[in-house]
S.K.: 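Please see the structure below; I have some questions.
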Amino acid sequence: MTFPWHQGRGIPMPTCRELKPVIIEVLAAALADALSELGIDVAPSEIHMERPAHREHGDWSSNVALVVSKKAGREPRELAADLVKTLESTSDAQIQRLEVAGPGFVNFHLSSQWLHDVLIDVVSQGENGYARSEIGNGQSINLEFVSANPTGPLHAGGGRWGAYGDSLARIFRRCGYATFTEYYINDRGLQTELFGASLLARRDGTELPEDGYAGEYVAEWASEMPADVDPVEWGSERALADVRQSLASMNVTFDHWASEKALIDSGAMETALEALRAGGWVDDSDGATWLRTSEFGDEKDRVLVKSDGAPTYFAPDIAYHHQKFDRGNLVIDVLGADHHGYVPRMSAALQMLGHQAASYEAIIGQNVTLVRRGKEVKLSKRTGTMVEVRELLEAVGPDVARFAYLLQSIDTRQTIDIDMLSSQANENPVYYVQYAYARIASVGREADNRGITRSPLIETDPTLLTHERELELLRALSTLPETIEMAARDRAPHKISTWIRELAAAFHGFYHDCPVLRSDVESDLQQARLWLVESARVGFSIGLELLGLTAPEEM
RNA sequence: GCCCUCGUAGCUCAGGGGAUAGAGCAGUGGCCUCCGGAGCCAUGAGCGCAGGUUCGAAUCCUGCCGAGGGCGCCA
């Protein structure tokens, strides 16, 4: 069965031209012309240029001969050979060598001018302009994430959704989507009441209620609780403050904190229920009020108002989601896998209220467990226990924690071993990246010390950058725009993590082999390298910002 | 039973239908007269199984096996 919210992961994504180096348009156009001369008509936009996996396959490669061979009734390799011949007769000065390879690829070996153009692009556009996409222009996204119940400290999963949602929002914004982030507070209902009752029991030394909260923090917080407060209300606020603090220390913030209680008190829930009733989607039976969500693909109908007269979690949440469309035309929820079953009913309710199925999307994140692993149990079966995010943050710090969360696809289950992260502290990938940034800053400081200043870009000759390490660094920078667009389209911040590690590898390699300030470096080359370092700084700065990590000047 | 996600190197994970599947950690061996060695270089080992679609599959489809999650008048 295909649900609309799954299709959602590719939707409203516009048909706008993607951000790619200019050179590929030139090459695609040349290929289209060559094909046309051979009597085959293909629009340049349909010709895909790839980055070959191996350097010896050139700078760019096209599979067009393979794709059109059937239609053209030609052998792919033979067609590719004709294409090469045609291209050679009219070829662009940038094309140094063409070859047919493998089953029929046309490989382009280019002069490095296109990479030098990347350098100019990056430094002239700067960290604000480079890799800023417009694919989202005119569209707005409302993104809800975390929304953990205010009944205790933030747990492992909350940390993951926090890092994920916050970075995704940053990525959306860089792609031109007006993005509004929200946290929904379930400050009402059975769980909050149980929590309040548990606080009360701990404070008064009485028996915990059945299914009450037994964690140690309950007793701690109970001892802070004044005598004259409503334990439910106070408990929600106490927990929420704790959650907020944990998230803030991870650099995760929200544009809006929405209260479930307020939705009910303001009458918003009642209004939504009336609309559903008016639409004829509501039934009363067994003393409860039901919504016929099964008519929109849900497994069964769902209760809106319980037989005791209290609304379920579902009822105010419908009103909430309905309201969120005032703050974005694509409404996205980031949910843990344990809430996956909730999605069909919400989608159904929103469609009943007149919203397009495709305008609501749920991103299901797989669960995460934080474990401690002692030396003794190293080889035994994992007996992990859930720990609070705070414990992770205190053990490794916000950057390590956040990068650990963002290193991995949201589709895979994650196990974070705190002891492993702490013991590998100096080897942690986040330091690999941040160290590169600190080195760049250090080059700047050392340049100042030596009285070396960067000349205007216009007076710099980027063609002096011919070292493979220099070119590799520019290649890494050239992929940032498309990486960001891909990360937005696939809702995959971890693609930025992968990219920034590649950039760091390229930079460290360059730094190792290509001295910048050393006295034996000829001054024109020094200038070109200073600008190259600046371009790397721009790249790191953009990537770190999208990931919500700090960019340290020194470590 | 039905639904969702996942299965890639010893471990943790990347991988946009493309060519010879990549990193980090762990292991081994190298690199400091020179901008920061939290760095660089070298080295072994892998797509759960079986079909299918395709010129081409880790990637798409089907089935099986395995792991996690869901199937409340909880949230």
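Chain naming here is simple, since letters A, B, ... match the order of the sequence lines and numbering starts at 1 in each.
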S.K.: Considering only rA19(B), rA38(B), rC73(B), which nucleotide approaches the side chain of W290(A) most closely?
M.R.: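 Between rA19(B), rA38(B), rC73(B), the one nearest the side chain of W290(A) would be rC73(B).
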S.K.: Taking atom types as modelled, find out whether E485(A) and S133(A) have a side-chain donor-acceptor pair closer than 3.5 angstrom.
M.R.: yes
S.K.: Does N63(A) get its side chain close enough to the base of rG18(B), under 3.5 Å, for a donor-acceptor pair?
M.R.: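 Yes, a donor-acceptor pair under 3.5 Å.
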S.K.: Here's a test for you: under ring-ring contact (aromatic ring centres under 6.0 Å, His included), which of Y431(A), F540(A), Y432(A), Y437(A) qualifies with H508(A)?
M.R.: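 Testing each of Y431(A), F540(A), Y432(A), Y437(A) against H508(A), the sole residue satisfying ring-ring contact (aromatic ring centres under 6.0 Å, His included) is Y432(A).
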S.K.: Checking side-chain polar atoms at under 3.5 Å, does R402(A) have a donor or acceptor matched by the opposite partner on S167(A)?
M.R.: yes
S.K.: For K261(A), is the NZ atom crowded, meaning more than 12 foreign heavy atoms sit under 6.0 Å from it?
M.R.: no
S.K.: Please determine, by modelled atom types, if Y313(A) and Q191(A) share a side-chain donor-acceptor pair under 3.5 angstrom.
M.R.: no
S.K.: Check every atom of rC40(B), rA14(B), rG18(B) against the side chain of H508(A) and return the nucleotide holding the closest atom.
M.R.: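 Shortest atom-to-atom distance from the side chain points to rC40(B).
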S.K.: Are S497(A) and rA23(B) close enough that a side-chain N or O sits under 4.0 Å from OP1 or OP2?
M.R.: no
S.K.: Which is true for S69(A) with a 4.0 Å heavy-atom rule: it touches a base, it touches only sugar-phosphate, or it touches nothing?
M.R.: nothing
S.K.: Taking atom C1' in both rG7(B) and rU12(B), what distance in whole Å separates the two?
M.R.: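 Each nucleotide's C1' atom is 14 Å from the other's.
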S.K.: With respect to the phosphate group of rG15(B), does any side-chain polar atom (N or O) of H494(A) fall under 4.0 Å of OP1 or OP2?
M.R.: yes
S.K.: Quick one: E299(A) CD to rC4(B) C1', roughly how many Å, whole number?
M.R.: 11 Å
S.K.: Determine the interatomic distance between P on rG51(B) and the same-named atom on rG17(B); round to the nearest Å.
M.R.: 24 Å
S.K.: For D286(A), answer base if it contacts any base atom (sugar-phosphate contacts may also be present), sugar-phosphate if it contacts only those atoms, and nothing otherwise; contact means non-hydrogen atoms under 4.0 Å.
M.R.: base
S.K.: Quick one: which of rC6(B), rC40(B), rG37(B) gets closest to the side chain of R439(A)?
M.R.: rG37(B)
S.K.: Can you check the distance between rG22(B) and rU28(B), where both ends of the measurement are the P atom (answer in whole Å)?
M.R.: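 Between the two P atoms, the distance is 25 Å.
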S.K.: Rounding to an integer number of angstrom, what distance separates rC3(B) and rG63(B) when you compare their P atoms?
M.R.: 9 Å
S.K.: Calculate the interatomic distance between L547(A) atom CG and rA14(B) atom P; express it in whole Å.
M.R.: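 So the two atoms are 14 Å apart, to the nearest Å.
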S.K.: Which nucleotide, if any, forms a Watson-Crick or G-U wobble pair with rG39(B), using both distances under 3.5 Å?
M.R.: rC31(B)
S.K.: Any carboxylate oxygen within less than 4.0 angstrom of a Lys/Arg side-chain nitrogen, looking at E270(A) and R277(A)?
M.R.: no
S.K.: Looking at rG16(B), rC73(B), rC71(B), which one has an atom nearest to any side-chain atom of K495(A)?
M.R.: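 Of all the options, the side chain of K495(A) is nearest to rG16(B).
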S.K.: Can you tell me the distance, in whole Å, between the CD atom of Q414(A) and the C1' atom of rG69(B)?
M.R.: 16 Å
S.K.: For rU5(B) versus rU62(B), give the span between their P atoms, rounded off to a whole number of Å.
M.R.: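 Result for the P pair: 11 Å, nearest Å.
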S.K.: Measure from the side-chain heavy atoms of D411(A) and tell me the nearest of rC73(B), rU5(B), rG36(B).
M.R.: rU5(B)
S.K.: Does atom CD of E210(A) have more than 12 heavy-atom neighbours from other groups under 6.0 Å away?
M.R.: no
S.K.: With both distances kept under 3.5 Å, what pairs with rG63(B), Watson-Crick or G-U wobble?
M.R.: rC49(B)
S.K.: In whole Å, what is the span from the NE2 atom of H512(A) to the P atom of rG30(B)?
M.R.: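 Whole-Å distance recorded here is 16 Å.
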S.K.: Starting at the 5' end of RNA chain B and moving along, which residue's nearest nucleotide shows up first, P76(A) or T483(A)?
M.R.: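 The residue closer to the strand's 5' end, by nearest nucleotide, is T483(A).
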S.K.: Is the distance from OP1 or OP2 of rC73(B) to the nearest side-chain N or O of K300(A) less than 4.0 Å?
M.R.: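 Yes, K300(A) has a side-chain N/O under 4.0 Å of OP1/OP2 on rC73(B).
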S.K.: Given rA75(B), rG16(B), rG69(B), identify the nucleotide with an atom nearest to the side chain of K20(A).
M.R.: rG16(B)
S.K.: Can you tell me if the side-chain N/O atoms of T498(A) get under 4.0 Å from OP1 or OP2 in rA14(B)?
M.R.: no
S.K.: For a quick check, tell me whether the side chain of S307(A) and the base of rC73(B) share a donor-acceptor pair closer than 3.5 Å.
M.R.: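 Yes, a donor-acceptor pair under 3.5 Å.
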S.K.: Roughly, in whole Å, what's the span from CE in M486(A) to P in rA14(B)?
M.R.: 15 Å
S.K.: According to a cutoff of under 5.5 Å between the ring centres and under 30° between the ring planes, does H57(A) stack with the base of rA19(B)?
M.R.: yes
S.K.: So, T460(A) versus W531(A): side-chain donor-acceptor pair below 3.5 Å or not?
M.R.: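 Their side chains do contain a donor-acceptor pair, which is all the 3.5 Å distance test asks for.
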S.K.: Determine: side-chain N/O of R302(A) to OP1/OP2 of rC74(B), distance under 4.0 Å, yes or no.
M.R.: no
S.K.: Would you say a side-chain N or O of K70(A) is under 4.0 Å from OP1 or OP2 of rU54(B)?
M.R.: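 No, outside the criterion.
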S.K.: Quick one: is Y432(A) getting a side-chain N or O under 4.0 Å of the rC40(B) phosphate, OP1 or OP2?
M.R.: yes
S.K.: What's the gap between rA19(B) and rU54(B) when it is taken at their C1' atoms, as a whole Å value?
M.R.: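 rA19(B) and rU54(B) have their C1' atoms separated by 16 Å.
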S.K.: Once hydrogens and angles are ignored, does a donor-acceptor distance under 3.5 Å link the base of rA19(B) to the side chain of S61(A)?
M.R.: yes
S.K.: Side chain of E482(A) only, heavy atoms from C-beta on: which candidate in rG16(B), rG70(B), rA19(B) is closest?
M.R.: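 Between rG16(B), rG70(B), rA19(B), the one nearest the side chain of E482(A) would be rG16(B).
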S.K.: What integer number of Å spans the P atoms of rC60(B) and rG72(B)?
M.R.: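 That atom pair is separated by 31 Å.
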S.K.: Rounded to whole Å, how long is the line connecting atom OH of Y342(A) with atom P of rC73(B)?
M.R.: 13 Å
S.K.: So, do F105(A) and H57(A) have ring centers that fall under 6.0 Å from each other?
M.R.: no
S.K.: Select one nucleotide: of rA75(B), rA38(B), rA14(B), the one nearest the side-chain heavy atoms of Y435(A).
M.R.: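 Shortest atom-to-atom distance from the side chain points to rA38(B).
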S.K.: From the options rG18(B), rG36(B), rG69(B), select the nucleotide whose nearest atom is closest to the side chain of E554(A).
M.R.: rG36(B)
S.K.: According to the Watson-Crick and G-U wobble definitions, with both distances under 3.5 Å, which nucleotide is paired to rG17(B)?
M.R.: none
S.K.: Starting at CZ of R51(A) and ending at P of rU20(B), how long is that distance when rounded to a whole Å?
M.R.: 21 Å
S.K.: Looking at every strand, decide which applies to Q434(A) at a 4.0 Å heavy-atom threshold: base, sugar-phosphate, or nothing.
M.R.: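 No contact at all - Q434(A) keeps every heavy atom at 4.0 Å or more from the nucleic acid.
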S.K.: Which value, in whole Å, describes the distance between the C1' atoms of nucleotides rC49(B) and rA58(B)?
M.R.: 14 Å
S.K.: Please state whether the phosphate of rG72(B), meaning OP1 or OP2, lies under 4.0 angstrom from any side-chain nitrogen or oxygen of K306(A).
M.R.: no
S.K.: Which base sits across from rG24(B) as a Watson-Crick or G-U pair, both distances under 3.5 Å?
M.R.: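 rG24(B) is paired, partner rC11(B).
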S.K.: Is the ring of F105(A) stacked on the base of rA19(B), with centres less than 5.5 Å apart and planes under 30° off?
M.R.: yes
S.K.: For a quick test of reading the model: is some side-chain N or O of Q408(A) closer than 4.0 Å to OP1 or OP2 of rC13(B)?
M.R.: yes
S.K.: Hey, which of these two, W60(A) or A447(A), hits RNA chain B nearer its 5' end, going by closest nucleotide?
M.R.: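 Between the two, 5'-proximity favours W60(A).
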S.K.: Kindly indicate whether the side chain of N107(A) and the base of rA19(B) share any N or O donor-acceptor pair separated by less than 3.5 Å?
M.R.: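 Indeed there is one.
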S.K.: rG7(B), OP1 or OP2 - any side-chain N/O from R413(A) closer than 4.0 Å?
M.R.: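 R413(A) to rG7(B) OP1/OP2: no side-chain N or O under 4.0 Å.
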S.K.: If you measure only the distance, is there a donor-acceptor pair under 3.5 Å linking the side chains of D333(A) and Y342(A)?
M.R.: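 Their side chains do not contain a donor-acceptor pair, so the 3.5 Å distance test is not met.
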S.K.: Taking the side chain of R469(A) as its heavy atoms from C-beta onward, which of rC41(B), rC35(B), rA19(B) lies nearest to it?
M.R.: rC41(B)
S.K.: Return the pairing partner of rG1(B) with a 3.5 Å limit on both distances, Watson-Crick or G-U wobble; otherwise return none.
M.R.: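 Pairing partner: rC71(B).
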